[in-house]
Amino acid sequence: MAFTYPPFEEYGNKLIRWIENDNEPGCPIPISTLNSWNLPQPMDWHIEYSSEWLSPEHIASIVGLGLPVGDFIQDPLDPTTESPCVRHSIIKTQNGITALVGTTGPGVFFVYSIRRYHESNDPYISQLTKIAYEAYFPLDTLKYIFMNDVIEPETEPFIEGQIYPSREGLSYPSAEPQTWDYPSPEFTAIMGTPIGKVVGSFILDIRFDIEDI
């Protein structure tokens, strides 16, 4: 049985076409040139960076992905070793709230919290993601973005109510990680959700500084 997923699948298709072909017409997302030094209204923003070791849950999620997992685990015999990972908070606290909180490491970005009003003229979350990662690592080293801790009112109910039922007998949340690969309708629809838009827009923001997309 073929499933369709309005309204997200339609926008997901557009994002995929724009990512696959930079000559595809209609892309509204320009290359981002923002960094922590040229944020608009800089006095309204509070930016913090601090060294942080990944949690065991996050370590488990990157095993087998080709990342330097051993580097992300603190040596119990040398507690003075500094983690290669950095926790970022980029928060606008004046004239409305826009925020990104997450942890970056070589090749990976774990996003914990995002907030931006639809009517806001503030930078998009995808642009803040670029700022946070690029502050410590070259963009072309980023391989994986994890958004599993983010609470967003449309994406999770959609995944639970429409994507999971596409697999007979699968209940939400599942005991094992689930993957829906391109070019399945499920992959396309997930790309079109508010959380998927952040990742897709981030890729388009940097046009294509990340290798092997």
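None of the values given here were measured: they were computed from a predicted structure.
Judged purely by distance below 3.5 Å, without hydrogens or angles, the side chains of Tyr182 and Glu20 pair a donor atom with an acceptor atom. Counted by atom type alone, Ser32 and Asp205 present zero donor-acceptor pairs between their side chains at under 3.5 Å. Under the 3.5 Å distance criterion, with hydrogens and angles disregarded, no donor-acceptor pair is assigned to the side chains of Tyr5 and Thr188. Counting only N and O atoms by type, the side chains of Ser174 and Tyr164 include a donor and acceptor under 3.5 Å apart. Under the 3.5 Å distance criterion, with hydrogens and angles disregarded, no donor-acceptor pair is assigned to the side chains of Asp181 and Ser184. Defined by atom type and a distance below 3.5 Å, a donor-acceptor pair is missing between the side-chain atoms of Ser61 and His58. Side chains of Thr103 and Tyr112: a donor-acceptor N/O pair is present below 3.5 angstrom, by distance only.
Taking each heavy atom of Pro106 and Pro68 in turn, the nearest pair found is O-CD, 4.3 Å. Considering every non-hydrogen atom in both Pro28 and Trp18, the closest pair reads CD-CH2, 3.5 Å.
Enclosure of atom CD in Glu52 by more than 12 non-hydrogen atoms of other residues, nucleotides or ligands within 6.0 angstrom is indicated. Within a 6.0 Å sphere centred on CD of Gln74, heavy atoms belonging to other residues, nucleotides or ligands number more than 12. Atom CD1 of Ile151 has 12 or fewer heavy atoms from other residues, nucleotides or ligands within 6.0 Å. Within 6.0 Å of atom CG in Asn121, 12 or fewer heavy atoms from other residues, nucleotides or ligands are found, so the atom counts as exposed in its surroundings.
With values rounded to the nearest 0.5 angstrom, Ile131 atom CD1 is found 5.0 Å from Leu34 atom CG.
Aromatic pair Phe158/Phe8: centroids less than 6.0 angstrom apart. Taking the six-membered ring wherever Trp is involved, the centroid distance between the rings of Tyr49 and Tyr136 falls below 6.0 Å.
Looking at Ser120, its side chain never comes within 3.5 Å of a backbone N or O of Arg116 through a donor-acceptor pair.
Between Leu142 and Phe137 the shortest side-chain heavy-atom distance does not fall below 4.5 Å.
Taking the ring centre of Phe202 as origin, the terminal cationic atom of Lys130 falls outside the region bounded by 6.0 Å and 45° from the ring axis. Note that Arg87 lies outside the cation-pi zone of Trp53, set by a 6.0 Å cut-off to the ring centre and a 45° limit from the axis.
Using cut-offs of 30° and 60° on the angle between ring planes, the pair Phe146 and Phe110 is parallel.
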